[in-house]
Amino acid sequence: MRMMGLAGAVLVFAPGMAMAQEARDLCADRPGLGTPACTVDQGRLVVELGLGDWTRQQDAASRTDTIQAGDALVRLGLGDHLEAQIGWTAYGHVRIRDRLSGAVEKDKGVGDVLVALRRNLSNPDGSGFSIAIMPYVSLPTGGSAIGDGDWGAGLIVPVSFDLGGGFSLGLTPEIDAAVDGDRDGRHIAYGSVAGLGFTLSDSVSGSIEAQVTRDEDPDGHATEALGGLSFAWQPSDDVQVDIGANIGLNADSADSQVYLGVVRRF
């Protein structure tokens, strides 16, 4: 709530951000695995909130359930092609059950803060061919449950192509200075998302995606592969409700994830 209030104050007092023209179509970051290339209109504010997210991962030794709520992302349009972002997760709960002994470990806490800039290079409304660059940094404000324990950074390059007929292709290559598994120091991680977006009606859309990420953690290298399906409903020009699910495609990946959320543009 404090983040939303701060973002609202920035919008009110920032100079030269009057909404002088009709807003573009709402283009939200959520749902899905990928990142869109579009940017928020100058002077507009978009608040995206994950209402609930449950991830399950298990093997022969243990089962881990992670629940998150209040996963907030605030996006502010600084120019026709530029937006600023700040993200934070208000609550995370991790439960690990030893499948052999039955012992259970629990932890809970808040998440790290994410700060990012997205600069669109072509078609900031996401139409036609659109591409952007998005550097980001994560600040270690979270606890041991869902926080990384150290700062991280990365660069995302979202790309989208309008295929016509209500279909679009999205690509999200990314390279990160990811935090080590021991929560101290960083290593290289890289990968990409590829997705096919489709329109079901004037207010309902969906996407099918695949993600592959290579993680060079010194404690053990891993290649994560995920598949995802998501849907979004826009009951009005400034509101979206979404739901999605991801499944792991190999042993290095979480087995399943389901989530839902809302988006509001101001």
Side-chain angles (χ1 to χ4, degrees), residues 30-35 50 52-69 71 89 92-109 111-112 114 136 138 140 142-150 152-158 169-196 206-231 243-261:
R30 54 175 310 120
L33 296 166
T35 301
D53 183 310
W54 171 41
T55 302
R56 177 177 60 86
Q57 185 167 11
Q58 64 181 1
D59 54 28
S62 65
R63 167 172 168 163
T64 302
D65 292 277
T66 303
I67 296 175
Q68 297 183 22
D71 184 10
T89 302
H93 181 274
V94 179
R95 180 181 186 271
I96 304 174
R97 180 180 181 273
D98 188 298
R99 297 171 68 91
L100 300 178
S101 67
V104 174
E105 296 181 14
K106 298 180 181 180
D107 198 2
K108 61 182 179 181
D112 296 335
L114 174 76
Y136 76 88
S138 61
S144 60
I146 59 173
D148 287 337
D150 204 343
L155 178 66
I156 304 172
V157 185
L169 176 65
L171 300 172
T172 312
E174 177 176 355
I175 185 167
D176 306 309
V179 179
D180 292 348
D182 63 4
R183 300 171 58 83
D184 184 17
R186 281 151 297 281
H187 61 274
I188 292 295
Y190 54 91
S192 186
V193 178
L196 178 67
S207 66
I208 301 173
E209 298 173 295
Q211 179 183 44
V212 177
T213 304
R214 178 64 177 174
D215 192 300
E216 303 287 351
D217 194 317
D219 287 344
H221 298 181
T223 301
E224 182 182 83
L226 297 172
L229 175 66
S230 60
F231 295 94
I243 188 170
N246 301 319
I247 59 170
L249 303 178
N250 65 358
D252 289 335
S253 309
D255 294 288
S256 61
Q257 178 187 24
V258 292
Y259 59 89
L260 70 148

Short side-chain to backbone donor-acceptor contact, R183 and G147, under 3.5 Å: yes
Shortest non-hydrogen contact from G227 toward L33: C-CD1, 4.4 Å
Between CD1 on residue I67 and CH2 on residue W54, distance to nearest 0.5 Å: 8.0 Å
Minimum heavy-atom distance S62-I96, with the two atoms named: CB-CG2, 4.4 Å
Min side-chain heavy-atom separation I156-E174 under 4.5 Å: yes
Test applied, side-chain hydrogen bond (donor to acceptor under 3.5 Å, both in side chains); reference residue, R186; option that passes from D180, D217, D150, D148: D150
Exercise: identify the closest heavy-atom pair between T223 and N250: O-ND2, 2.6 Å
Flag if over 12 foreign heavy atoms under 6.0 Å of CD, Q58: yes
Under 3.5 Å: donor-acceptor pair, side chain of D112, backbone of G142: yes
S207 and S230 side chains, donor-acceptor separation under 3.5 Å: yes
Straight-line distance of D107 CG to I146 CD1, nearest 0.5 Å: 9.5 Å
Non-hydrogen atoms of E224 and S253 that approach each other most closely: CG-OG, 3.2 Å
Donor-acceptor under 3.5 Å (T35 side chain, P158 main chain): no
Nearest heavy atoms of L229 and I208, plus distance in Å: CD1-CG1, 3.8 Å
Donor-acceptor pair between H187 and D215 side chains, under 3.5 angstrom: yes
Distance-only polar pair, side chains of Y136 and D176, donor-acceptor under 3.5 Å: yes
Min side-chain heavy-atom separation K108-K106 under 4.5 Å: no
Heavy-atom donor-acceptor pair, R95 side chain to V104 backbone, under 3.5 Å: no
Spacing of T64 atom OG1 and Q57 atom CD [to the nearest 0.5 Å]: 6.5 Å
Worked verdict on Y259 versus T55 for side-chain contact (heavy atoms from CB on, under 4.5 Å): CA-CA 9 Å; Y259 59 89; T55 302; over 6 Å; no
Atom pair CG/CG of L169 and L196 - distance to nearest 0.5 Å: 7.0 Å
CG-CZ distance between D71 and R30, expressed to the nearest 0.5 angstrom: 7.0 Å
Flag for D53-Q68: side-chain donor and acceptor within less than 3.5 Å: no
Interatomic spacing from OG in S192 to CD1 in I175 - rounded to 0.5 Å: 12.0 Å
